[in-house]
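A quick write-up on the structure given underneath.
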Amino acid sequence: MEPIEFSHASESQITRAIVSEFAKEFDDYVESDVIIVGGGPAGLMASKELASSGVKVLLIERNNYFGGGFWLGGFLMNKLTVRAPAERVLEELGVPYKEYSTGLFVADGPHACSKLIAAACDAGAKLLNMVALDDVVLHDDRVSGVVINWTPVSALPHEIAAIDPVSLESELVIDATGHDAVVVRKLEERGLLKAKGQGAMWVERSENLVVAQTSEFYPGLIITGMAVSAAYGLPRMGPTFGAMLMSGKRAAEVAIEKLRR
Ligand code: 48F
């Protein structure tokens with residue numbers, strides 16, 4: 001076997017490559033058209049669709065990994081289900097799937113999730129991991145950005161790490177934080193709106209309603225995915241993902257229309 005010779009790069013060059021490239025990009029995204037909070041299936045889908053339409057979009061995710069609940073289908077088993085017509089989205093993403101019964105499709109979680117993350121990146125969305133939403137920016141009763149901090153900061157005792165967060169501005173924010181509806185809750189804490197909380201399981205009803213009610217929930221704030229269910233008190237849907245993908249697409253459409261105005 002031929003020995004492999006890697007090119008020369010010093011320790012300091014490697015450090016500079018990381019620091020300068022990150023700082024340049026971060027500086028660029030201090031202002032965006034749209035900031036998406038949460039990188040599960042709904043947020044990733046919305047980011048892909050927005051970036052494909054030329055919108056400057058930043059997605060922040062508190063975990064090291066993107067994908068939220070999309071890696072696993074349910075009950076720690078990694079087969080995902082979607083119902084028609086959402087198999088078309090799997091097709092668009094190039095995810096292999098099989099029809100289990102009429103209109104019910106099954107795919108591999110890791111395959112589907114990695115394709116969706118790659119599609120968002122390929123489309124030009126900027127993805128930032130290990131960054132958590134701390135608060136919202138509110139100007140004249142309109143959500144105008146997010147307040148963020150590095151995820152590990154919240155795990156440190158306050159007396160050790162009293163580290164102020166920073167703000168990023170945008171025309172629109174999308175809450176894609178799933179069942180917790182974290183952005184919506186920040187407005188609720190201030191008495192600006194009331195989230196109804198999630199209802200009990202009813203998959204057939206829930207999927208249609210989540211997509212139909214993906215909308216601007218507060219001036220400047222669009223909701224998508226399970227955050228819609230938590231905000232409007234819709235039934236939960238359990239381990240099926242078609243509505244998450246379609247709701248992400250709908251959120252992007254709503255955002256594009258608002259940006260055009
Ligand atoms: O939970 P998640 O996958 O939400 P979703 O896109 O999809 C829901 C389904 O996975 C499933 C379901 C229906 O099929 O019931 O649960 O609506 O992804 C939400 C993402 O938001 C991140 C979280 O880590 C996850 O990756 N997130 C939550 N809070 C914050 C956050 C926060 N404060 N800052 C940044 N990201």
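Just follow the structure's listing: the first ligand is 1, and inside any ligand the first atom is 1. Atom set for the values below is all heavy atoms of this structure, side chains included, hydrogens, waters and symmetry mates excluded.
- Aromatic ring orientation, F105 versus Y97: perpendicular (interplanar angle above 60°, classes split at 30° and 60°).
- Atoms of ligand 1 found under 4.0 Å from any heavy atom of L133 (numbered from 1 in listed order, with element): 32 (C), 33 (N), 34 (N), 35 (C).
- No donor-acceptor pair closer than 3.5 Å links the side chain of S229 to the backbone N or O of G225.
- In this structure, atom 22 (C) of ligand 1 lies nearest to the protein heavy atom E61 OE1, 3.3 Å.
- Every atom of ligand 1 is numbered from 1 in the order shown, and the set under 4.0 Å from a heavy atom of V182 is 29 (N), 33 (N).
- Atoms of ligand 1 lying under 4.0 Å from at least one heavy atom of N63, given by number and element, are 24 (O).
- Under the 4.0 Å criterion applied to side-chain N and carboxylate O atoms, K79 and D108 are assigned as salt-bridge partners.
- Heavy-atom neighbours of E11 CD from other residues, nucleotides or ligands within 6.0 Å: at or below the threshold of 12.
- Ion pairing of K56 with D28 is present here, as a side-chain N (NZ or NE/NH1/NH2) and a carboxylate O approach within less than 4.0 Å.
- Comparing heavy-atom distances from atom 13 (C) of ligand 1 across P239, G68, G238 singles out G238 as nearest.
- Applying the 4.0 Å criterion to heavy atoms of G225 picks out, from ligand 1, the atoms 17 (O).
- Within a 6.0 Å sphere centred on OH of Y100, heavy atoms belonging to other residues, nucleotides or ligands number 12 at most.
- Residue contact check: F241 has heavy atoms under 4.0 Å from atoms 9 (C), 10 (O), 14 (O) of ligand 1.
- Numbered from 1 in the order shown, with element, the atoms of ligand 1 that lie under 4.0 Å from a heavy atom of G40 read 3 (O), 6 (O), 18 (O), 20 (C).
- Shown here is E5, whose CD atom has no more than 12 heavy atoms of other residues, nucleotides or ligands within 6.0 Å.
- The single protein non-hydrogen atom nearest to atom 19 (C) of ligand 1 is A176 O, 3.4 Å, given as residue, atom name and distance.
- Of the heavy atoms in R62, both backbone and side-chain atoms come closer than 4.0 Å to ligand 1.
- Under a 4.0 Å criterion applied to the non-hydrogen atoms of H179, ligand 1 contributes the atoms 12 (C), 15 (O), 16 (O).
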Between T224 and S247, does a side-chain hydrogen bond (donor to acceptor under 3.5 Å, both in side chains) hold up when you go through it step by step? CA-CA 6 Å; T224 185; S247 169; 2.7 Å; yes
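- Note on V137 and L192: separate hydrophobic clusters, where clusters join Ile, Leu, Val, Met, Phe, Trp and Tyr whose side-chain heavy atoms are under 4.5 Å apart, directly or indirectly.
- The protein non-hydrogen atom at the shortest distance from atom 21 (O) of ligand 1 is G38 CA, 3.2 Å.
- In this structure, R236 does not count as a contact residue of ligand 1, since none of its heavy atoms falls inside 4.0 Å of the ligand.
- Remark: minimum distance from atom 12 (C) of ligand 1 to any protein heavy atom is reached at M226 CG, 3.7 Å.
- We find that R261 and E257 are joined by a salt bridge, their nearest charged nitrogen and carboxylate oxygen being less than 4.0 Å apart.
- Close contacts between ligand 1 and A42 involve ligand atoms 6 (O) [criterion: under 4.0 Å to a heavy atom].
- Under a 4.0 angstrom heavy-atom cut-off, V131 registers as being in contact with ligand 1.
- In this structure, R88 does not pair ionically with E91, as no charged nitrogen and carboxylate oxygen lie closer than 4.0 Å.
- Under the 4.5 Å side-chain criterion, counting only non-hydrogen atoms from C-beta, L127 is in contact with F66.
- Nearest protein heavy-atom contact of atom 7 (O) of ligand 1 is M244 SD, 3.3 Å.
- Of all protein heavy atoms, the one lying nearest to atom 1 (O) of ligand 1 is G178 CA, 4.0 Å.
- Summary of contacts: the protein heavy atom closest to atom 2 (P) of ligand 1 is G69 N, 4.0 Å.
- By the neighbour-count criterion of 12 heavy atoms within 6.0 Å, atom CZ of R142 is densely surrounded, having more than that number from other residues, nucleotides or ligands.
- Considering both main-chain and side-chain atoms, T240 comes within under 3.5 Å of ligand 1 through a nitrogen or oxygen pair.
- For a threshold of 3.5 Å applied to N or O pairs, the pair formed by G43 and ligand 1 contains no separation below that value.
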